[in-house]
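Some notes on the structure that comes next.
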2 protein chains.
Amino acid sequence: MQLKSLRLFMAVAKTGSFVAAANQLHTVQSNVTAHIKKLEDELDVQLIQRAGRVRPTSAGLALVEYTERMLTAHDEAVSLFKGQEKACGRLRIGAMETTTAIRLPPILAAYHAAQPDVDIQIKTGPTAELVELLLDGQVDCVFVAGRLEHSRYHLLKAFSEQLVLVGSTPMSTMPSSQKLLTSAFLAFRQGCSYRQRIELLLASHGVNAGRIFEFGSLDAMLGCVAAGMGYTVLPRGTVEAHQYRFGIHTLELPSSIANIDTYFAAFEPETWTPALASFAETLREAVVDEPQLTAS
Amino acid sequence: MQLKSLRLFMAVAKTGSFVAAANQLHTVQSNVTAHIKKLEDELDVQLIQRAGRVRPTSAGLALVEYTERMLTAHDEAVSLFKGQEKACGRLRIGAMETTTAIRLPPILAAYHAAQPDVDIQIKTGPTAELVELLLDGQVDCVFVAGRLEHSRYHLLKAFSEQLVLVGSTPMSTMPSSQKLLTSAFLAFRQGCSYRQRIELLLASHGVNAGRIFEFGSLDAMLGCVAAGMGYTVLPRGTVEAHQYRFGIHTLELPSSIANIDTYFAAFEPETWTPALASFAETLREAVVDEPQLTAS
DNA sequence: CACTACTATCTTGTTTTGAGATAGCCTGAC
DNA sequence: GTCAGGCTATCTCAAAACAAGATAGTAGTG
C-alpha cells in the first residue's frame, strides 16, 4: 500500500471520477485505475463502485477514515520540514538554571514572536546533565558553561558571564583563608560547572574545598546565602537581578576565575529541524545585535 | 515518501542499526541505507546520526512521532480488511421500526457475541428512506419490506411477516365498509411499505384511503390505537410483543395482503467489509436455523 | 596496529511505474 | 432505438525505481 495510491483513492472518493482524480493529482486516468486496482487487490475488497456512479463502497468508506488519518499525519510531518516561512513542531532546550533565569527570556520572547507555531520546552540542570540530555536526544540543544570537548557539536559562544563571590556581608577584599576554611560554600548539585570555579577559587587561596552544600534551585541557594549560611559563586547578572530581594553582597573575582562563557551547543546543522535552525538564527542575531552579551 | 521507507526508518531508529533493521524487515542493508537516504533527501535534513552510534537526530525524533501516527493508522486500516479471525471496525445497519423492535435483537446479540470488536450502529426509518440511506452510503446494509427492484443488490429473504389489522376493540370479522370509511388509519411516515398494504386493504373493501395519521414511533402509534383513535396494520409478531402493554386487538387479514417478506439488502459481497460479510453470515445462519423466521 | 563490525557506494538484473493509445461501457438526448 | 459524449479498463512500451550482492571505506576496540 503506497501513500500515492491512497491519495488517488481519496481523490476518486471525493470527486467521484477517475478522470477528475487524475487531473487533480497531475497524472493520467489509466494510472488512477491501476492504483485503485492495486489497492483493491491488496485488501481483497472492492473499494470503488464503478457501475453507474463512481462512489466509494462500504469498504471504501471505511478505508477513507483511516486514510484521512494517515494522510493528515503525513502532511504534518512534511510541513515540519518543508513548511514555507513558519516553522512548526517542538523545540526542546536544555539550559543552566542561571541562564534560564537571566539570559533566555528575551531570546525566547524574540523567538516566539518569530515562530509562534513552535512549542517550546525548557529543561534545566547543571552542565554535565545537560550534555547527557543532548546526547540522549531528550533535548534539541543546550546552553552550557565552557566549550564542549566532543568534536561533532555545533558551538556558538552565546553569553559571557562574570562570576562574583556572593556573601551575606559587604566585602571589599577576599575573605581570609581562615575565614574561607571555616565557611560553607553553596552550589548547584553535582555537574554544575560553576562549582569547579569555587574549588579553583579556594585552591588559589590555599584552601581545600570544605563543606559544599548542594542546592537544586537558585532561589533556595540565594536565600541561604543571605541568611549567612555561607558563600557562593554566581554570574554577576544573576546576582544583580536578585539583589533587591535578598540582602546579599558581592565581590569581584580575578578574571582567570571570573570569566566563563556560555555556549550554545547542538549537533550538526544538517540534523536540525527548521524550528531549531530558526532558533539558532534568532540567537545569533541576538548575540550580534547586543555584543555586551558576550563581552566580558 | 513511502510507507516502506518509513517502516525502515522506524526500525533503524528503534534498533539503532541498519543491519538489524534490514534483518527485521527482511531485506538487505544497502536498501536500508538507500531508503533512509532518500527520505533525508526528500525532507532535506539528516534523520539518522551515523557517526559513532546510529541514532535518530533531533529531526529524526520529530519525524518518529508523526511516523508512528501514520503507521498506526495504516496497520489499523489493513487489519480492517485482513484481520485474521475477528472483524473490526464499524457496521451500520438500516432497518424498519418493526424489524428493529422484534427481529433484530436476537441477531445482533449473536453477531456481537461472534464479533465483539465491531461497533454496531442502527438507523431506523421506513423502507423508502432506508433505500436512500443505502444508496447514499450512510449505511452498509438494510432490512426492507419487499424485494428491491434495483439490480445490483445482494438480497436475502430474512423474515416473513404476517400483517394483522390492529384496533382497540375485539374483532371477529372485518369492520364494515362504513366503519372503515369513517375510521382513521395510523401508519408510519411516508415511505413505509406497510402503508401501501393499508391502502390495498381499504381498496379491497371499496374504500378510498381516508385520513391517515403519520407516526414516527411504534409506541406512539400503538398507544393511539389502544385509545380508540383508529386502526393500523402491523406484523403479528410486533403486535404480540406489545399486546400486554396496550389494550389492543387484532384481526387476521387475507394472505394476499397479510404476507410480506423482509429482505436483507446490501451491495455486492465483493464490496463488503469483513464486518458486514460476517453479519450476513450470522443472518444467514439465523434464518436457516430457525426457518419459522421466514415461514408464513 | 590490526581486527571487527558497521555503513556507503557501485553494479546489475528485475520489477514497477507513468503515459499514451485503444476498446468497451454506461448515460442521456433525440 | 439509436447515437453521441464522457467515462473506465486494458494493453503496450519506455523510463524509473528497486532489491540484492559485492566491495570499499570508516569508526571503535583491544
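For the numbers below, each heavy atom of this structure counts, side chains included, while hydrogens, waters and symmetry mates do not. Since the structure is predicted, the reported quantities are computational estimates derived from the model, not experimental observations.
To the nearest angstrom, P of C/dG28 lies 8 Å from CZ of A/R53. Rounded to an integer number of Å, the gap from A/R55 CZ to C/dT27 P is 14 Å. Spacing between atom CD of B/Q49 and atom P of D/dG28 amounts to 11 Å, rounded to whole angstrom units. Computed from coordinates, the B/F18 CZ to C/dC6 P distance equals 13 Å when rounded to whole Å. Between the CG atom of B/D41 and the P atom of C/dA8 there is a distance of 12 Å, rounded to whole Å. One can place NZ of B/K38 at 21 Å from P of C/dT7, the figure rounded to the nearest angstrom. Taking atom CE on B/M1 and atom C1' on D/dA17, their separation rounds to 17 Å, with Å as the unit. Between A/L25 atom CG and C/dA19 atom C1' there is a gap of 15 Å when expressed in whole angstrom units.
At D/dC18, none of the side-chain N or O atoms of B/N31 fall inside 4.0 Å of OP1 or OP2 (strictly under the cut-off). Applying the 4.0 Å criterion to OP1 and OP2 of C/dT17, one finds that A/Q2 has a side-chain N or O inside that range. Under 4.0 angstrom from either OP1 or OP2 of C/dA8 there lies no side-chain N or O belonging to B/S30. In this model, the phosphate group of C/dT7 is not approached by any side-chain N or O of B/T33 to a distance below 4.0 Å at OP1 or OP2. Here B/H35 reaches the OP1 or OP2 of D/dA19: one of its side-chain N or O atoms lies under 4.0 Å away. Phosphate contact (OP1/OP2 of C/dA8, side-chain N/O of B/R50, threshold under 4.0 Å): present. The side chain of A/H26 contributes no N or O atom lying less than 4.0 Å from OP1 or OP2 of C/dA19.
Ring to ring, A/Y194 and A/F188 are not that close: their centroids are 6.0 angstrom or more apart. For A/Y263 and A/F159, the distance between ring centers is not under 6.0 angstrom.
Counting only distance, with no hydrogens or angles, the side chain of B/T57 and the backbone of B/L47 share a donor-acceptor pair below 3.5 Å.
By the 30° and 60° cut-offs, the orientation of the rings of B/F279 relative to B/F264 is tilted.
Looking at heavy-atom distances under 4.0 Å, B/V32 makes no contact with the nucleic acid at all.
By the neighbour-count criterion of 12 heavy atoms within 6.0 Å, atom NZ of A/K37 is sparsely surrounded, having that number or fewer from other residues, nucleotides or ligands.
Nucleotides of DNA chain C nearest to B/K37 and A/K4 differ in position, and the one nearer the 5' end is that of B/K37.
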